[in-house]
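See structure below.
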Amino acid sequence: MTTEARTDPGRYQPADIEARWRERWDRDGIYRVADHVEGRPNRYHLTMLPYPSGDLHVGHWWAMAPSDALARFYRMRGYNVMFPMGFDSFGLPAENAAIKGGRHPRDWTDANVERMRGQLRAMGAMFDWDREVDSSQPEYYRWTQWWFLQLFNRDLAYRKKAFANWCPSCNTTLANEQVVDGRCERCDTEVIQREMEQWFFRTTRYAEELLDNHDLDWPEHVKVMQRNWIGRSQGAEFTMQVQGRDDAAFRVYTTRPDTAFGMTFAVLAPEHPLVEAITAPEQRAAVQEFVERVRRTTEIERLSTEGPAEKRGVFTGAYAINPFNQQPVPIYLADYVLTSYGTGAIMAVPGQDERDWDFAQAYGLPIVRTVQPPEDFEGDAYMGDGPAINSQWLDGLHKAEAIERAVEWLEKQGIGERKVNYRLRDWLISRQRYWGAPIPIVHCERCGAVPVPEDQLPVELPYDVEFLPTGQSPLALSEEFVNVACPQCGGPGKRETDTMDTFMCSSWYFMRYADPHNDQAPISSESAEAWLPVDQYTGGSEHATMHLLYARFFYKAARDMGLVPGDEPFTRYFSQGQILGPDGRRMSKSRGNVVAPDGQVQRWGTDTFRAYLMFLGPWDQGGPYDVEGIVGVHRWLSRLWTAVTDPPALSERPEDAPDLLATAHAVLKKVGEDYDHKHFNTAIAAMMELTNALQRLRDQGQVDRASWEEAVRLLLLMAAPAVPHITEELWARVGGGYSIHQQPWPAFDPSLIARDVVEVVAQVNGKVRARIMVAPDASEEAARHAAMEDEHLSSLVAGKELVRVVYVPGRLLNFVVK
RNA sequence: GCCGGGGUGGCGAAAUCGGCAGACGCAGCGCACUCAAAAUGCGCCGGGCGUGAGUCCAUGCGGGUUCGAGUCCCGCCCCCGGCACCA
């Protein structure tokens with residue numbers, strides 16, 4: 001083959017080889033992965049699965065190609081690596097497309113999946129397609145429903161009437177996590193509050209454990225985001241009596257019980273259940289008007305700090321008794337107090353809280369300081385530490401101790417206690433849309449909400465449905481779907497018509513890959529033991545507080561059911577940065593800065609495109625896609641091609657390839673370390689250097705055969721994870737056995753890397769003045785001697801007082817002179 | 001406002017432990033090959049002064065520690081991402 005190639009080397013034409021090798025790999029099933037392989041420990045690599053929008057974009061390649069290289073690297077390192085792929089195929093776009101274009105979501109989705117599967121295959125990744133999951137298929141969502149039932153049975157799924165985030169454009173409720181700055185995460189429409197019966201998952205039950213993520217091998221910023229989102233706060237809760245009303249009392253939550261003597265008013269959330277009962281007749285009209293207005297405002301307006309403060313609250317006409325000093329304080333309603341946090345009611349201490357301060361100013365309420373601010377304090381409310389004042393038996397105590405005393409006092413009085421609160425809310429999973437997994441519940445007048453028996457799953461989505469965006473689930477319009485016998489009493493029942501948030505599907509998909517065809521259970525215990533948890537997860541950090549948090553919740557619940565090993569779903573997680581358009585902005589059709597991967601692949605080939613994405617810059621940073629730069633990577637692969645297919649005349653004299661083996665092994669060492677640390681850009685750069693070294697030798701004429709062949713062999717092996725096609729082709733041409741992707745990762749030879757002489761920098765007062773060649777372990781004596789032979793340097797030292805000499809063997813020699 | 005990540009040539013970047021700043025690549029310039037172009041190869045490529053050897057300046061800004069700082073410390077500025085009435 002080599003001889004043949006020399007006579008007609010041919011140019012590097014990726015189109016000629018890439019599809020051919022993919023077909024071969026496919027045919028031979030070299031990426032099919034068994035649950036157990038003798039002598040090869042299992043390792044689970046995973047990259048986030050795409051939504052089948054119908055077109056794979058650069059972002060997918062950017063996320064997946066390096067993940068694939070990493071998985072391949074570990075495979076070569078001797079692991080039995082599972083690297084699966086699938087489709088998160090439920091969700092709004094399919095339904096919106098159906099409404100707009102008259103195409104059924106099922107057909108739209110299936111066509112997109114088909115197309116994207118083809119695009120993903122063209123990536124040349126080692127995906128094991130036998131394990132593909134497709135979350136909108138009944139075989140999959142049957143188990144999504146099964147999970148719902150397990151959560152229901154464990155009281156982790158419940159239904160309640162509550163104010164929920166409602167997106168008027170998507171016509172559905174949203175989880176807290178899906179509301180960004182008061183807007184729908186998906187369509188940017190302002191979200192309003194609507195009171196509805198909704199299903200929730202009790203994520204808060206695991207709040208404490210979810211918070212404890214310190215030991216996870218995850219990017220710090222993602223862990224911090226999760227901790228902030230969960231937002232643990234420690235304080236106290238206590239009861240306040242409404243003045244003159246033995247039947248009316250409410251609870252307040254505070255993190256600062258030490259400041260209670262400074263309470264000058266109390267505030268209830270406008271939605272607080274007590275509002276009606278305590279409002280004084282003369283305030284009724286004003287209160288009603290205020291409550292109505294708050295209910296109508298969007299989240300954005302409500303959270304806005306702009307606008308007249310006077311409109312933010314209203315006096316109820318009632319008073320509450322501050323239990324600490326028995327003083328009556330007026331009870332207000334204010335939009336800044338939320339029903340969904342704490343008790344929906346607060347004690348207001350303007351002296352120590354900014355929001356209370358602003359409110360007190362606006363309504364002319366008194367302000368009492370209970371913590372002595374430092375002399376140079378210039379602000380309004382003082383939140384820092386200091387001795388308590390105006391607080392009777394707390395006076396003089398500092399914050400921590402005063403809080404402690406106040407809580408003890410509350411407990412002794414029997415009116416309050418220590419309390420931990422979380423910002424995290426339970427996960428609202430009901431969606432009033434069609435294209436999702438139906439919630440497997442039947443509502444029966446006699447029995448209430450009855451779970452569908454497991455053997456009747458899946459509750460299938462009816463195909464024949466009207467997609468009217470009414471704000472009610474389209475399923476509700478299907479008589480056939482809705483009317484059903486109660487599984488418990490056999491009487492007339494009605495199916496739940498809401499479907500589940502698609503994040504439910506992605507909360508457990510990684511489990512299914514381990515056992516994708518099991519029709520008895522979502523995953524067998526053997527498969528779970530074999531593969532879980534995921535060893536290396538990669539994907540965007542925009543999922544920090546959604547998918548990545550939900551999946552952790554889910555896994556912990558599954559663990560408590562005895563279904564999965566360990567406590568965490570993703571042992572290691574790495575978030576790549578974001579790839580931007582050439583203009584440095586987010587790629588989007590409206591900006592016209594979208595780079596189509598198919599076009600890049602067509603023009604340059606899969607390997608070039610893959611390697612270029614890895615070469616662009618540090619993977620965790622992201623950045624603009626520079627359309628010009630890719631040619632450099634293509635040139636690299638062309639040089640590699642030429643060097644291998646058209647080698648120089650080979651001799652049998654090692655001196656005909658000085659340093660080649662040293663370079664090859666040094667590069668091998670570096671590339672292995674770089675892959676391991678996901679520094680793909682520098683790994684590619686190092687391989688370019690080795691290729692350049694080959695190129696230079698080649699132009700010189702005679703090259704030692706053994707060195708040349710070894711260097712080529714190593715270069716192909718180390719490049720294989722990054723550029724799987726060209727390396728397979730060249731590997732075959734140099735007579736390597738099929739397949740290069742089943743070869744072990746070569747070990748570098750440290751003795752070859754070590755050099756006899758190295759360049760050491762000679763400095764005078766820290767400035768480089770000469771370079772000397774000495775042995776890496778040369779004595780200081782010898783190095784100084786060598787340096788002094790340099791005329792320029794010795795002239796700079798001569799006649800000066802030598803204060804000190806710093807010698808770092810193999811690095812530098814510094815003469816400090818005066 | 002709070003939390004996290006950044007700021008290095010014309011551009012993307014590198015410098016693993018405090019030790020040669022700019023590896024690798026893009027663009028640019030010059031040259032070879034060519035009728036020509038493409039492709040390919042070779043050379044140059046942070047700035048100033050100098051014919052040159054060399055030398056001075058230079059990693060957002062200002063200080064500091066050190067024989068030596070892109071890297072460590074203190075104080076600022078700017079960009080990106082996240083959170084933001086959570087009592």
Side-chain angles (χ1 to χ4, degrees), chain A residues 11 180-181 219-229 231-233 235 237 252-256 259 267 269 302-305 312 334-338 340-349 352-356 358-359 421-425 541-542 544-545 575 577-578 580 584 612 615-618 620-633 635-636 638-639 642 670 673-674 677 679 681-689 691-692 695-696 699 759-771 791-792 803-808 810-817:
Chain A
R11 296 251 309 277
V180 178
D181 290 335
E220 197 55 38
H221 74 276
V222 173
K223 291 198 280 189
V224 169
M225 268 194 247
Q226 288 201 345
R227 291 200 289 267
N228 289 344
W229 186 261
R232 184 184 204 271
S233 95
E237 203 176 290
V252 296
Y253 172 73
T254 178
T255 53
R256 296 294 303 276
T259 64
V267 186
R302 183 163 172 176
L303 293 182
S304 165
T305 41
R312 308 199 51 200
D335 60 2
Y336 76 85
V337 174
L338 312 172
S340 50
Y341 185 77
T343 57
I346 62 162
M347 65 171 203
V349 186
Q352 265 69 233
D353 184 284
E354 273 176 3
R355 298 154 299 181
D356 297 346
D358 293 344
F359 195 83
N421 261 319
Y422 301 93
R423 218 193 68 120
L424 179 75
R425 310 289 147 87
S541 56
E542 68 271 18
T545 56
S575 71
Q578 206 178 45
L580 305 169
Y612 181 53
F615 182 67
L616 262 181
D620 58 348
Q621 272 179 37
Y625 184 90
D626 174 15
V627 190
E628 305 296 320
I630 191 169
V631 68
V633 173
R635 284 178 194 145
W636 165 48
S638 298
R639 281 198 299 276
T642 312
K670 175 166 176 58
E673 287 163 359
D674 281 350
H677 294 116
H679 296 166
N681 55 330
T682 48
I684 303 276
M687 291 188 281
M688 285 175 170
E689 284 190 70
T691 309
N692 292 346
Q695 173 86 42
R696 272 193 300 275
D699 293 344
E759 189 182 82
V760 167
V761 200
Q763 303 178 326
V764 177
N765 289 342
K767 294 193 191 264
V768 181
R769 300 298 181 193
R771 291 152 207 282
E791 270 176 43
H792 181 59
V803 183
R804 191 177 161 188
V805 176
V806 181
Y807 178 52
V808 184
R811 287 263 184 198
L812 92 173
L813 180 68
N814 187 13
F815 294 91
V816 185
V817 298

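Just so we're on the same page: letters track the sequence lines, and every chain starts at 1.
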With heavy atoms under 4.0 Å as the rule, sort A:V761 into base, sugar-phosphate or nothing.
base
Between C1' of B:rC26 and CE of A:M688, the distance in whole Å
10 Å
Any chance the side chains of A:T682 and A:D674 put a donor and an acceptor closer than 3.5 Å?
yes
Is it the case that the ring center of A:Y422 lies less than 6.0 angstrom away from the ring center of A:Y341?
no
To the nearest Å, how far apart are A:D335 CG and B:rA87 C1'?
14 Å
Identified stems (criterion: three or more consecutive Watson-Crick or G-U pairs, under 3.5 Å), RNA chain B
B:1-7 with B:77-83, B:10-12 with B:24-26, B:28-32 with B:40-44, B:46-49 with B:54-57, B:60-64 with B:72-76
With heavy atoms under 4.0 Å as the rule, sort A:R423 into base, sugar-phosphate or nothing.
base
What is the nucleic acid contact for A:D620, judged by heavy atoms within less than 4.0 Å: base, sugar-phosphate only, or nothing?
nothing
Rounded to whole Å, how long is the line connecting atom CD of A:Q763 with atom P of B:rG18?
17 Å
Does atom CD of A:E354 have more than 12 heavy-atom neighbours from other groups under 6.0 Å away?
no
A:R425, CZ atom: more than 12 neighbouring heavy atoms under 6.0 Å:
yes
Check whether A:R769 reaches the backbone of A:V764 with its side chain - one donor and one acceptor, N or O, closer than 3.5 Å.
no
If you restrict it to nitrogen or oxygen atoms, what contacts under 3.5 Å exist between nucleotides 5-13 of chain B and the protein, and what is each distance?
residue: B:rG12; atom: O2'; partner: A:L616; partner atom: O; Å: 2.6

Could you check how far CD of A:E689 sits from C1' of B:rA14, rounded to whole Å?
10 Å
Across the strands shown, which category fits A:V224 at heavy-atom distances under 4.0 angstrom: base, sugar-phosphate, nothing?
sugar-phosphate
Along nucleotides 36-52 of chain B, 5' to 3', which nucleotides get a B, which get an S, and which get a -, given that the test is a protein heavy-atom distance under 4.0 Å?
----SS-----------
For the pair made of CG in A:L812 and P in B:rA21, what is the distance, rounded to whole Å?
10 Å
Within the 4.0 Å heavy-atom criterion, would you say A:H677 contacts the bases, only the backbone, or no part of the nucleic acid?
nothing
